[in-house]
Structures are given as C-alpha cells and as structure tokens.
Amino acid sequence: MKNHKVYESNDQMISLIRDNYNVLQSLGCFGIALGFGDKTVHDTCEDNGVDTYTFLAVVNFTINGYYNADEADRLSIPTLLHYLEASHIYYLDYQLPSIRRELTESINKTDSLGILILSLYDEYAREIRKHMKYEEKMLFPYVKQLLQGSMPADYDIETFSKHHGQTDQKLRELKNIIIKYLPGDIQRNNKLTATLYGIYNNEEWLRLHSRVEDEIFVPAIRNLERKQMKDNVTKNISNMVFKGDSSETLSDREKDVVISLVQGMSNKEIAEHLFISVNTVITHRRNIARKLQIHSSAGLTIYAIVNGLVDISSVKL
C-alpha cells in the first residue's frame, strides 16, 4: 500500500525507515550511516553532511511521488549529484552481481533454457552498465563544471535528456520468461522465487532512479544552466560597460576621485578634500574617463556601485 505521508525534517529518521524500509538503500547512497538512534531527519542529515531539503525531496518523491517543483532552487546540486553517483556504484557493484549470483544458483546449469535466461540477464547488465557509464563520463563531469562556474559549449542537459530512456525492457522480459517458462523442481523453487522477488525490487528501484533523474535532477540542472548563462551575460555586459577596451585599472587615488564625484563634489571640493590641486583633479578625471570609457556622472555612479566603491544607499539618485 502506498504511503501518502509527506515526511518533514522534524520526523524521526527511524520512523521514516520503519514505515518505508526501501529507504534503507537511499541512506547509503546519500552517505548516511546507520546508528542514528532516535534523531530527527534534520539532525541525522546534519551529522552526515547531507542537505536535509534535498534528502527529503528525493525520499518523499520515491515514497509517494510528492515533489514541489516550485522550490527547486532549494535543492543542493552537490548533494543530489553525490546521491546519483553513489546509486550507480550500489547498482553496478552490488545489485547487478548479486542478482546474477542468485539467478545462477536458481537455474539448472544443464538446462539450455536456463543458460539462455542467464545470457539474457547478461545482455541487460551490459546495457545498464553502458547507460550509467555514459552518465559518469559525460553528465556528471558537466554538472561539476557548472558548479565551478564554467559552462562548456559542447554539452548541455537537453542533450542528456533527449537520450535518457528506459533501460529495463530486458529485465521485464527476463522476469516474464522465468515466470512462464522456466521449469523448477521443489528444491530450486524457493530459490527461484526469492530471485524473482529480487528482480521485481530491482525493476522498481531502477524505475524510481530514472524518475529522480528526469523529474528532479534534470530540471535542477536546467535552472543551474540558466543561472550560469545569466551570470555570464551580466559579467560580459559589465566588462563591456565598465572596462572598455583598456586593460588598465584605476589607482587608489583615482578611485578616491570617483567616490568624491559620485558624492556630488566639484573639482575644487575634491581638491580640498584630497589635499591636491585642482589641476591634479582634472588630470585624474581625464585618466579615469580614458581607462573606463565612461564620461557621464550617471555612468561613474553605476561603476562605483557595481564595483563596491560606494553603497547605493549613500548615493543621491
């Protein structure tokens, strides 16, 4: 029966697991160790360096399908990325080999149908491994570059999304063939039933993993891309407006003059304020205009605010 409770940060972690034992797989992927006693979800996540909101977003989504896309900005991309990377390790290094061992022990190795079924599983394992290795080679490094402030031009999340399809068709075939056609004696029947149960769980785990990627991870990376693009545009505009064609930077004295000008002082007042001559003030102003390619008071005011020379609250607009 589906659990419709939406878990919150002040719920006990043990209650969450008691109600939904499948969450145990997610704990390891988030890097949360057992032995948390009666601590809340928030305290358990804090102790293990896991973002609580991201943990609950994934857990509630996999338990009952709940996810508030309007609060996607609250997601921790590093936490989500770590979860997906660890999920791959769990699936490739533990889940796939474990099911194969159980399948090998469940079939009659002299039965040609049993051998074909094992071959079908190996095909599935190769397909899923190829799928996950692609993500590890292309998608995850791309996201890490985004997090570092870089936006590669040869890849984006849409490229991944367009080619991200279901990979569990062979697993469904395998499950159905075992149920319909594989003969089993009494001795092997219990083992075969347990193996089938594991395959069903495996199929559900993979379905949820794919949905987390499609409905939480991909939209979150789209938001990150948009933010990065906006930051890049802002940076480029700032460079064009405020740096001009010259690579020269203002001296400390020239910055003092800019601040004085923004505060509304005349050349004479600046000279008295900085203990320099009016001619020196005029020379500084000429050099400032040449370096910045800014010739208006409004332009200098914007430059001073953007570059932190003055606080906007101190400027008369």
Side-chain angles (χ1 to χ4, degrees), residues 1-96 98-99 132 135 139-140 143-144 146-147 157 164 166 168 194 197-224 227:
M1 182 176 179
K2 197 168 187 179
N3 186 349
H4 292 284
K5 174 178 171 58
V6 176
Y7 292 89
E8 299 179 354
S9 60
N10 59 354
D11 286 320
Q12 286 184 322
M13 182 68 84
I14 187 65
S15 298
L16 189 156
I17 295 171
R18 185 172 56 238
D19 297 342
N20 313 273
Y21 63 86
N22 287 337
V23 172
L24 282 168
Q25 293 176 330
S26 295
L27 290 183
C29 293
F30 274 107
I32 296 177
L34 299 177
F36 36 73
D38 294 321
K39 291 181 179 180
T40 64
V41 171
H42 173 268
D43 289 343
T44 303
C45 287
E46 286 287 303
D47 289 347
N48 290 272
V50 176
D51 180 72
T52 304
Y53 178 82
T54 305
F55 173 80
L56 285 172
V58 171
V59 166
N60 279 317
F61 182 75
T62 56
I63 290 174
N64 50 50
Y66 173 80
Y67 174 60
N68 187 357
D70 292 336
E71 296 187 352
D73 287 342
R74 295 180 59 189
L75 288 169
S76 165
I77 303 297
T79 295
L80 197 53
L81 185 60
H82 178 272
Y83 166 78
L84 293 175
E85 288 179 317
S87 295
H88 282 199
I89 294 172
Y90 169 80
Y91 196 81
L92 296 179
D93 294 352
Y94 173 75
Q95 192 84 334
L96 286 179
S98 177
I99 292 178
M132 289 187 171
E135 293 181 7
L139 177 62
F140 296 163
V143 174
K144 290 175 182 176
L146 282 180
L147 290 171
I157 197 63
H164 187 234
Q166 293 291 334
D168 57 352
Y197 186 77
I199 291 175
Y200 271 100
N201 282 338
N202 183 80
E203 185 179 21
E204 176 65 6
W205 183 94
L206 191 66
R207 183 185 70 83
L208 291 173
H209 175 80
S210 182
R211 287 193 64 198
V212 168
E213 288 186 326
D214 288 338
E215 299 182 42
I216 297 181
F217 187 64
V218 168
I221 302 309
R222 284 197 187 104
N223 286 341
L224 185 60
K227 182 179 183 301

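- Heavy atoms only, all atoms of each residue included: Asn60 and Tyr7 are closest at OD1-N, 2.8 Å.
- Between Asp11 and Lys5 a salt bridge is recorded (basic side-chain N to carboxylate O distance below 4.0 Å).
- Annotation: side chain to side chain donor-acceptor pair (under 3.5 Å) contacts involving residues 76-85, sequence neighbours excluded, comprise Ser76-Thr79, Glu85-Lys144.
- In this pair, Tyr67 and Phe61 present their aromatic rings perpendicular. The plane angle is above 60°, beyond the 30 to 60° band.
- For the pair Val41 and Val59, the minimum side-chain heavy-atom distance is 4.5 Å or more.
- Looking only at side-chain heavy atoms (C-beta outward), Tyr94 and Ile89 stay at 4.5 Å or farther from each other.
- Taking both residues in full, the closest heavy atoms of Leu147 and Pro78 are given as CD1-CG, 4.1 Å, listed atom of the first, atom of the second, then distance.
- Within the model, atoms CG of Leu224 and CZ of Phe217 stand 9.5 Å from one another, a figure rounded to the nearest 0.5 Å.
- Side-chain contact of Arg18 with Ser15: a donor-acceptor pair under 3.5 Å is present, judged by distance alone.
- The two atoms that bring Glu8 and Leu56 nearest to each other are C-CD1, 3.7 Å, heavy atoms only.
- Side-chain contact between Arg74 and Asp51 is absent, with no heavy-atom pair separated by less than 4.5 Å.
- Classification of the Tyr90-Trp205 ring pair by plane angle, with boundaries at 30° and 60°, yields tilted.
- For Phe140 and His88, the gap between ring centers is short of 6.0 Å.
- Here CD1 of Ile77 is found 4.0 Å from CD1 of Ile221. Values are rounded to the nearest 0.5 Å.
- Contact check on Lys39 versus Asp47 returns a salt bridge, with a Lys/Arg side-chain nitrogen under 4.0 Å from an Asp/Glu carboxylate oxygen.
- Atoms CZ and CD, on Phe30 and Gln25 in that order, are 13.0 Å from each other to the nearest 0.5 Å.
- Taking CG from Asn20 and CD1 from Ile63, the interatomic distance works out to 3.5 Å, rounded to the nearest 0.5 Å.
- Interatomic distance, CE of Met132 versus CG of Leu84, reported as 9.5 Å (0.5 Å rounding).
- Between Leu75 and Ala220, the shortest heavy-atom distance links the atoms CD1-CB, 4.0 Å.
- Rounding to the nearest 0.5 Å gives a distance of 9.0 Å between CD of Glu213 and CD1 of Ile157.
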